[in-house]
Asker: 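Handing you a structure now.
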Amino acid sequence: MKDQLKNSIELSLKAAISQQILPEIDLPEIQIERTKDKAHGDFACNIAMMLAKSAKMNPRQIASTIVDNLPETDFITDVTIAGPGFINFTLSTDSSIQVVKDVLAKKAEFGLSQVGAGKSVQVEFVSANPTGPLHVGHGRGAAYGSVVSSLLTATGFKVHREYYVNDAGRQMDILATSVWLRYLDACGENLTFPSNGYKGDYVLDIADSLRTEHGDKFLHSAMQVFEGIAADEPQGGDKELHIDGLINKAKSLLGDANYRQLFDSGLNSILTDIRDDLADFGSDYDEWFSERSLVESGAVEKAIEHLKSENVLYEKDGAWWFKSTDYGDEKDRVVVRDNGQTTYFASDIAYHLNKLQRGFDEVIDIWGSDHHGYIPRVKASLTAMKQDENRLKVLLVQFAVLYRGKEKVAMSTRSGQFVTLRQLRDEVGKDAARFFYVMRGADQHMDFDLELAKSQSNDNPVYYVQYAYARVCSVFRQLAERGLAWDEQQGLQNLTKLTEEHEQAVLTMLARYPEIVESAALNHTPHILAHYLTDLARDFHTYYNAHHFIIDEQDLSQARLSLIVAVRQVIANGLAILGVSTPESM
RNA sequence: GCGCCUGUAGCUCAGUUGGAUAGAGUGUCAGUUUCCGAAACUGAAGGUCACAGGUUCGAUUCCUGUCAGGCGCGCCA
């Protein structure tokens with residue numbers, strides 16, 4: 001519809017110019033927008049005001065010229081000039097009822113578009129370290145990432161959803177060592193757990209099952225384990241040195257094979273938990289990409305060689321540095337430490353190179369906003385390796401600050417004090433949690449009050465939308481009880497009878513859906529879809545309260561039933577993208 | 001100190017990429033069921049769009065500065 005209007009205006013302008021009513025000027029992109037106020041018609045165009053300067057004419061005069069030269073169409077009933085020079089269009093009822101026919105014909109396909117057809121995009125999201133269960137902070141990224149992916153799919157992109165598993169590196173060694181120490185404790189060894197270890201209950205569970213499965217296989221005396229280990233922080237020492245000492249001791253006492261087995265038992269246990277958790281939350285993946293596989297395949301080493309060959313690495317203080325300052329970063333970054341170990345950054349360079357080499361047209365990373373300082377160095381590394389950094393887009397998700405009533409909930413994975421995503425789902429449900437997360441713009445700081453989410457979950461907007469869906473279902477149950485049926489053909493033939501103000505409002509709202517999906521997808525803004533659905537539900541509820549659908553006058557009744565079927569369909573389509581269910585009764 | 005994000009109704013947030021009289025939810029107050037589900041609807045009240053300049057036909061939106069909050073500035077991940 002917008003395109004048709006745009007086309008008409010363009011024709012009009014060209015006609016006016018060729019008749020020399022308007023001077024020869026460059027035409028800017030013509031903008032058509034939906035009006036906020038019904039009094040201004042359905043669509044408005046501001047082109048006259050945009051041209052005022054270059055044409056050196058009064059905008060209202062330009063507008064009237066445009067209106068005079070507008071080609072004849074059958075979808076517009078009224079064109080007016082208003083305010084400083086807006087051109088307002090009012091659609092004919094014939095064109096406004098068309099949307100019902102479209103929705104009923106296309107069903108679940110209604111609202112899909114092809115703007116992304118032929119383009120592939122990879123979306124990486126959550127990618128939390130497998131050192132513990134997901135907490136509510138990860139939930140926002142999980143909801144956001146999966147909805148962005150669904151939106152892109154809905155607009156024709158070929159989407160690849162991926163989770164990057166940080167199964168290499170020091171944090172994982174700390175986890176393995178934590179599991180080992182809990183295991184030793186369970187075996188009866190008397191020891192003090194390191195202050196820097198992972199203290200969550202899930203570590204105890206892993207240790208227990210390890211003991212049930214393997215008995216004393218990994219047992220060493222506490223005295224042997226702690227011999228020669230630097231003091232921990234509470235004892236006046238350094239907690240990092242302490243834990244590193246314990247990691248090395250674990251590796252040397254257990255040997256490669258046993259250490260790897262212990263390491264993997266912790267990794268697999270937690271990773272399985274994360275996979276199940278995300279699946280239950282409705283965030284699905286096409287691939288779980290292992291960092292360790294990059295290290296073991298030599299990809300990390302190769303990426304470093306690549307950078308060396310580009311002459312952007314140098315050696316200083318025994319470490320290898322990447323000259324990221326040459327590409328706008330604040331400081332140079334270490335890729336190989338003086339102890340020979342590669343850094344997390346080195347893996348990430350290899351990973352992002354790998355992503356681009358897999359041939360995606362676009363690669364999207366969804367990160368917590370605390371990682372924003374990391375963007376310049378990753379992009380720098382890609383540029384240094386002669387890749388197009390613009391193929392990588394990083395979307396940041398702000399933190400959700402958790403409250404219990406008025407009190408802020410302090411969270412730390414290490415200390416084991418956090419509210420898990422699973423607990424959140426148990427408390428408020430998957431649907432409410434997803435909708436709540438996605439209702440706000442990702443770059444918006446968000447307050448998540450658990451008390452409110454729990455105690456007043458009926459006030460959650462998700463129920464408002466779902467209720468609209470259930471209400472339509474209920475109308476049809478009522479229809480059947482009265483021995484009546486919906487006649488789609490009769491309904492479609494009588495759509496012109498939908499002349500009530502509330503009906504026009506619903507029709508207009510339905511027609512907006514495809515624009516909303518496209519805009520939400522291209523701008524990566526799921527929240528506008530969530531807001532749209534509550535708006536649509538509101539228009540429906542208002543309509544429901546004002547008029548009856550099951551009435552004696554058959555033609556009108558069937559037309560109304562057709563309209564609310566269309567509403568139900570669009571709500572279903574929208575909620576499907578959000579990953580929220582559509583209960584037929586609630 | 002430097003960088004990124006944010007500042008809109010009592011509270012939580014929208015605001016169609018610069019448009020017309022700044023909007024919802026929630027909370028407060030006042031109403032609506034012999035009628036398809038009241039998890040709904042109607043109405044009232046509530047605003048110096050943090051503050052000060054600038055850009056232009058027009059600014060909540062773009063630019064600069066100030067103030068306030070969040071995050072980041074490791075040979076951690």
Side-chain angles (χ1 to χ4, degrees), chain A residues 31 33-37 39-40 44 46 48-50 52-53 58-59 82-86 88 128-129 131 166 168-172 174 240 291 316-321 330-331 333-345 347-348 368-376 396 398-399 401 436 439-449 452 456-461 463-464 466-468 470-479 481-482 484 512 515-516 519 523 527-528 530-532 534-535 537-538 540-551 557 560-561 564 585-586:
Chain A
Q31 296 174 17
E33 51 189 21
R34 288 190 180 272
T35 54
K36 290 187 235 182
D37 191 336
H40 299 136
N46 63 353
M49 288 174 291
M50 292 176 72
K53 198 168 189 185
N58 179 321
F86 290 102
N88 293 333
N129 283 351
T131 52
N166 293 115
R170 184 164 170 266
Q171 293 306 318
M172 285 307 297
I174 294 177
E240 305 292 347
E291 178 189 5
K316 193 183 86 179
D317 302 332
W320 281 92
W321 299 69
E330 290 172 0
K331 51 178 78 169
R333 311 291 175 176
V334 170
V335 289
V336 185
R337 293 198 262 163
D338 58 5
N339 64 8
Q341 287 182 340
T342 55
T343 59
Y344 171 86
F345 179 43
S347 296
D348 240 13
S369 60
D370 56 332
H371 284 71
H372 72 262
Y374 203 74
I375 299 171
L396 297 176
Q398 293 288 336
F399 280 162
V401 182
F436 199 99
M439 260 180 64
R440 279 79 201 253
D443 58 0
Q444 192 65 237
H445 300 273
M446 171 174 148
D447 289 346
F448 201 127
D449 187 340
L452 195 77
Q456 301 186 9
S457 58
N458 277 357
D459 289 333
N460 195 305
Y463 297 108
Y464 186 78
Q466 288 179 320
Y467 182 48
R471 251 186 164 175
V472 176
C473 294
S474 173
V475 170
F476 282 86
R477 282 193 295 270
Q478 184 62 226
L479 191 70
E481 274 178 32
R482 297 188 195 179
L484 301 169
R512 286 181 56 197
E515 299 163 20
I516 293 289
S519 167
N523 295 311
H527 72 276
I528 71 170
H531 281 276
Y532 166 81
T534 57
D535 288 343
R538 178 172 308 110
F540 168 75
H541 286 311
T542 303
Y543 178 37
Y544 181 98
N545 275 55
H547 299 284
H548 281 247
F549 312 136
I550 305 174
I551 50 177
S557 181
R560 287 182 173 173
L561 290 171
I564 67 171
S585 66
M586 44 196 293

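Chain identifiers are assigned alphabetically (A, B, ...) following the order of the sequence lines, protein sequences preceding nucleic acid strands; residue numbering begins at 1 within each chain. The basis for the numbers below is simple: all heavy atoms, side chains too, and nothing from hydrogens, waters or symmetry mates.
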Asker: When you measure from the side chain of A:Phe86, which nucleotide among B:A20, B:G37, B:A77 comes out closest?
Answerer: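 Closest nucleotide to the A:Phe86 side chain: B:A20.
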Asker: What nucleotide, of B:U12, B:C75, B:A38, holds the atom closest to the side chain of A:Asp447?
Answerer: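 Nearest listed nucleotide: B:U12.
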Asker: Send over the distance from A:Tyr467 OH to B:C36 C1', rounded to a whole Å.
Answerer: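 Those two atoms, OH and C1', are 11 Å apart.
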Asker: In this structure, is the centre-to-centre distance between the rings of A:Phe549 and A:Tyr543 below 6.0 Å?
Answerer: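 Yes, ring centres under 6.0 Å apart.
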Asker: Shortest non-hydrogen contact from A:Leu479 to A:Leu561?
Answerer: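 Scanning both residues, the minimum pair turns out to be CD2-CD1, 4.0 Å.
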Asker: Between B:A77, B:A24, B:C75, which nucleotide has the shortest distance from any of its atoms to the side chain of A:Asp338?
Answerer: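 From the listed options, B:C75 comes nearest.
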Asker: Rounded to whole angstrom units, what separation is found between the CZ atom of A:Phe436 and the P atom of B:C13?
Answerer: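 Those two atoms, CZ and P, are 8 Å apart.
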Asker: From the options B:C35, B:A77, B:C41, select the nucleotide whose nearest atom is closest to the side chain of A:Arg538.
Answerer: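 Of the candidates, B:C41 comes closest.
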Asker: Would you please confirm or rule out a distance under 4.0 Å between OP1 or OP2 of B:G37 and any side-chain N or O of A:Tyr464?
Answerer: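 Result: no.
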Asker: With syn defined as a glycosidic angle within 90° of 0 and anti as everything else, classify B:U6.
Answerer: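 Here B:U6 takes the anti form, which means its glycosidic angle is more than 90° from 0.
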Asker: Looking at A:Tyr544, does the NZ or CZ of A:Arg471 lie under 6.0 angstrom from its six-membered ring centre and within 45 degrees of the ring axis?
Answerer: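 Yes, A:Arg471 lies over the aromatic ring of A:Tyr544.
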Asker: Taking only side-chain N and O atoms of A:His531, does any of them lie within less than 4.0 angstrom of OP1 or OP2 on B:G23?
Answerer: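 No, no such contact exists.
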Asker: What nucleotide, of B:C36, B:A20, B:A39, holds the atom closest to the side chain of A:Met586?
Answerer: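 Of all the options, the side chain of A:Met586 is nearest to B:A39.
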Asker: For the base of B:U21, is there a side-chain donor-acceptor partner from A:Asp37 under 3.5 Å away?
Answerer: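 Check fails, no donor-acceptor contact within cut-off.
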Asker: With heavy-atom distances below 4.5 Å as the criterion, would you say the side chains of A:Met49 and A:Phe86 are in contact?
Answerer: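 They are in contact (side-chain heavy atoms under 4.5 Å apart), so the answer is yes.
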Asker: For nucleotides 56-60 of chain B, give me every protein contact, N/O to N/O, under 3.5 Å, one pair per line with atom names.
Answerer:
none

Asker: Of all the choices, B:C41, B:A77, B:G74, which nucleotide is nearest to the side chain of A:Lys331 once you look at every atom?
Answerer: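 Within the option list, the nearest is B:G74.
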Asker: Between B:C13 and B:A20, how far is it from one C1' atom to the other, in whole Å?
Answerer: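 After rounding to an integer number of Å, I get 24 Å for this pair.
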Asker: Can you measure A:His547 atom NE2 to B:C36 atom P for me and round it to whole angstrom units?
Answerer: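 Distance, rounded to whole Å: 16 Å.
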Asker: Which whole-number value in Å describes the distance from A:Tyr543 OH to B:G37 P?
Answerer: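 Rounding to the nearest Å, OH of A:Tyr543 and P of B:G37 are 15 Å apart.
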Asker: Looking only at the side chain of A:Tyr544 (C-beta and beyond, no hydrogens), which of the listed nucleotides B:C35, B:G37, B:C75 gets closest?
Answerer: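 For A:Tyr544, the side-chain atoms sit closest to B:G37.
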Asker: Taking all heavy atoms of A:Ser585 and all of A:Ala470, pick out the closest pair and write down the distance.
Answerer: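 Looking at all heavy atoms of both residues, the shortest contact is CA-CB, 4.1 Å.
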Asker: Are OP1 or OP2 of B:U42 and a side-chain N or O of A:Thr542 less than 4.0 angstrom apart?
Answerer: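 Looking at the OP1 and OP2 atoms of B:U42, one of them is under 4.0 Å from a side-chain N or O of A:Thr542.
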Asker: State the dot-bracket string of RNA chain B. Criteria: Watson-Crick or G-U wobble, both atom distances under 3.5 angstrom; notation: ( ) intrastrand, [ ] crossing earlier pairs, | interstrand, . unpaired.
Answerer: (((((((..((((.....[...)))).(((((.......))))).....(((((..]....))))))))))))....
Asker: Expressed as a whole number of angstroms, how long is the span from A:Tyr532:OH to B:G25:C1'?
Answerer: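 Checked: the OH to C1' distance equals 19 Å.
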Asker: Return the value, rounded to whole Å, for the distance between atom CE of A:Met446 and atom C1' of B:G25.
Answerer: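 Spelled out: CE on A:Met446 to C1' on B:G25 is 15 Å.
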Asker: In whole Å, what is the span from the CZ atom of A:Arg34 to the C1' atom of B:U16?
Answerer: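 It works out to 10 Å between those atoms.
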Asker: Name the closest nucleotide to the A:Thr35 side chain, picking from B:A20, B:A40, B:C75.
Answerer: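 The nucleotide sitting nearest to the side chain is B:A20.
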Asker: To the nearest Å, how far apart are A:Arg440 CZ and B:U12 P?
Answerer: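 So the two atoms are 10 Å apart, to the nearest Å.
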Asker: Are A:Glu291 and A:Ser347 linked by a side-chain donor-acceptor pair shorter than 3.5 Å?
Answerer: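 Indeed, the side chains of A:Glu291 and A:Ser347 share at least one donor-acceptor pair under 3.5 Å.
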Asker: How should the glycosidic conformation of B:U21 be described, syn or anti, under the criterion that syn lies within 90° of 0?
Answerer: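 Anti for B:U21; the angle lies over 90° from 0.
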Asker: Where the side chain of A:His40 is concerned, which of B:G37, B:A20, B:C75 is the nearest nucleotide?
Answerer: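 The closest nucleotide is B:A20.
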Asker: Could you tell me whether the side chain of A:Leu396 reaches within less than 4.5 Å of the side chain of A:Asp443, counting heavy atoms only?
Answerer: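 In short, these two side chains do not touch, never coming nearer than 4.5 Å.
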Asker: Contact class for A:Asp535 vs. all strands (heavy atom < 4.0 Å): base, sugar-phosphate, or nothing?
Answerer: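 A:Asp535: no heavy atom of the nucleic acid under 4.0 Å.
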Asker: Does OP1 or OP2 of B:A38 have a side-chain N or O of A:Arg471 closer than 4.0 Å?
Answerer: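 Yes, within the criterion.
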Asker: Polar-atom pairs under 3.5 Å, protein N or O versus N or O of nucleotides 3-5 of chain B: list them with distances, or write none.
Answerer:
from, atom 1, to, atom 2, distance (Å)
B:G3, N2, A:His372, NE2, 2.5
B:C5, O2', A:Gln398, NE2, 3.0
B:C5, O2', A:Asp443, O, 3.2
B:C5, O2, A:His445, NE2, 3.2

Asker: Considering non-hydrogen atoms only, spot the tightest contact between A:His548 and A:Arg560 and give its length.
Answerer: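 Where A:His548 meets A:Arg560 most closely, the heavy atoms are O-NH1, 2.8 Å.
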